[in-house]
Amino acid sequence: MKLLVDSSSSLLLSLLLAQLPLFTSAVPAPYRRPNVVHELDRLANQTKNLRQITADLLKEHAFETDPEQHRFKSLPLMNNRASDINSLEMRPTLSQLHADLKSFEHHFAWLSRVSRKHHHPALPKLGQMMSLIKSLTSMLEHQMMRVDAQRLSPPSPSMPPPPPSQFDVLQSSQELLLQFRLFCDWAQRVFSVLSTKSKMSAVQ
């Protein structure tokens, strides 16, 4: 009789063990949100891509003229110092980068409109760059929501009058691209430094 009970118990245990994979596969894996470091690295890579496209546009023959500076009165001031980068804090830094990026987005939208009127040869690459700017803006806004960074509300940028000729469009293009390359240089380094700081915080 004891042998029969032991055999039944063993059989029941074997059946339960056989069903265990089915039970475990039925339980959904927990959702893991991308961490802050990963998102900051993505922002740095996207900014690097934008910087490369900007550099390619500046190398083209259409942009080789010396630009007349200060056509754009409302461009972000790129007077950041490398010595300041290690003291930057996450929230206000992301907020300021977002405000600057939105300003550049408005300026490039203006450039795209006037370039179409004068049949600018760089329109395809300009369109690609504007798509990447919108994508970077969206990624940055997502990261700001995650860390509870405030959105700044700067005044709408004021644009220069429409350029009368293609030469004037080229001049405006180069000034805008030179400033945007400075922004990308700075933003890429900032995202990388913030990523490094986040890694160090995670292991402490």
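Being a predicted model, the structure only gives us computed values, none of them experimental.
Atom CD of Gln96 and atom CH2 of Trp186 lie 11.0 Å apart (nearest 0.5 Å). Taken to the nearest 0.5 Å, the CE atom of Met129 stands 13.0 Å off from the CG atom of Asn49. Here the CG-CD distance, from Leu57 to Gln128, works out to 8.5 Å after rounding to the nearest 0.5 Å. Atoms CG and CG, on Leu77 and Leu182 in that order, are 11.5 Å from each other to the nearest 0.5 Å. For the atom pair CG of Asn45 and CG of Leu136, the computed distance is 11.0 Å after rounding to the nearest 0.5 Å. For the atom pair CG (Leu177) and OG1 (Thr54), the distance works out to 6.0 Å, reported to the nearest 0.5 Å.
Listed for the Ser95 side chain is a donor-acceptor partner under 3.5 Å among the backbone atoms of Gln150. The main-chain N or O of Ile85 is never found under 3.5 Å from a side-chain atom of Arg189 such that the two would form a donor-acceptor pair. Using modelled atom types, no side-chain atom of Ser138 and backbone atom of Lys134 make a donor-acceptor pair closer than 3.5 Å. Under the 3.5 Å distance criterion, the side-chain polar atoms of Ser103 are left unmatched by any main-chain donor or acceptor of Ala99. Side chain of Ser172 to backbone of Asp168: a donor-acceptor contact under 3.5 angstrom is found.
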Hey, mind stepping through His106 and Met159 against side-chain contact (heavy atoms from CB on, under 4.5 Å) and telling me if it holds? CA-CA 9 Å; His106 286 300; Met159 301 300 170; 3.9 Å; yes
Does Gln143 form a side-chain contact (heavy atoms from CB on, under 4.5 Å) with Val36? I'd like the steps, not just the answer. CA-CA 8 Å; Gln143 182 65 11; Val36 172; 3.2 Å; yes
Between Glu39 and Arg146, is a side-chain contact (heavy atoms from CB on, under 4.5 Å) present by the stated rule, with each step listed? CA-CA 10 Å; Glu39 293 298 317; Arg146 292 196 61 198; 3.6 Å; yes
With side-chain contact (heavy atoms from CB on, under 4.5 Å) as the criterion, how do Met78 and Asp185 come out once you've worked through the C-alpha distance, each side chain's angles and the decisive distance to 0.1 Å? CA-CA 10 Å; Met78 303 311 300; Asp185 281 338; over 6 Å; no
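Remark: the Ser112 side chain and the Arg116 side chain contain an N/O donor-acceptor pair separated by less than 3.5 Å. Side chain to side chain, Asp56 and Gln52 meet the donor-acceptor criterion of an N or O pair below 3.5 Å. If you check the side chains of His107 and Ser74, you find a donor sitting under 3.5 Å from an acceptor.
Of all non-hydrogen atoms in Leu111 and Ser173, the two that sit nearest each other are CD1-OG, 3.2 Å. Across all non-hydrogen atoms, the minimal contact from Gln179 to Leu75 is CG-CD1, 3.7 Å. Across Val37 and Lys199, no two heavy atoms sit closer than the pair CG1-CE, 3.3 Å. Nearest heavy-atom pair across Phe108 and Met130 is O-SD, 3.7 Å. Here the shortest heavy-atom pairing between Gln188 and Ala44 reads CG-O, 3.8 Å. Nearest heavy atom pair, residue Leu97 against residue Leu140, reads C-CD2, 4.0 Å.
Using a 4.0 Å cut-off between charged nitrogen and carboxylate oxygen, Arg91 and Asp148 do not count as a salt-bridge pair.
Hydrophobic clustering keeps Phe104 apart from Leu152 (ILVMFWY residues linked when any side-chain heavy atoms are closer than 4.5 Å, directly or through intermediates).
Residues satisfying the ring-ring contact (aromatic ring centres under 6.0 Å, His included) criterion with Phe191, sequence neighbours excluded, are absent altogether.
Taking the side chain as every heavy atom from C-beta outward, Pro160 and Trp110 approach each other to under 4.5 Å. In this structure, the side chains of Phe183 and Thr47 stay at 4.5 Å or more apart for every pair of heavy atoms. Counting only heavy atoms from C-beta outward, the side chains of Met90 and Ser198 approach each other to under 4.5 Å.
A side-chain contact (heavy atoms from CB on, under 4.5 Å) with Arg151 holds for exactly one of Lys102, Met145, His98; it is His98.
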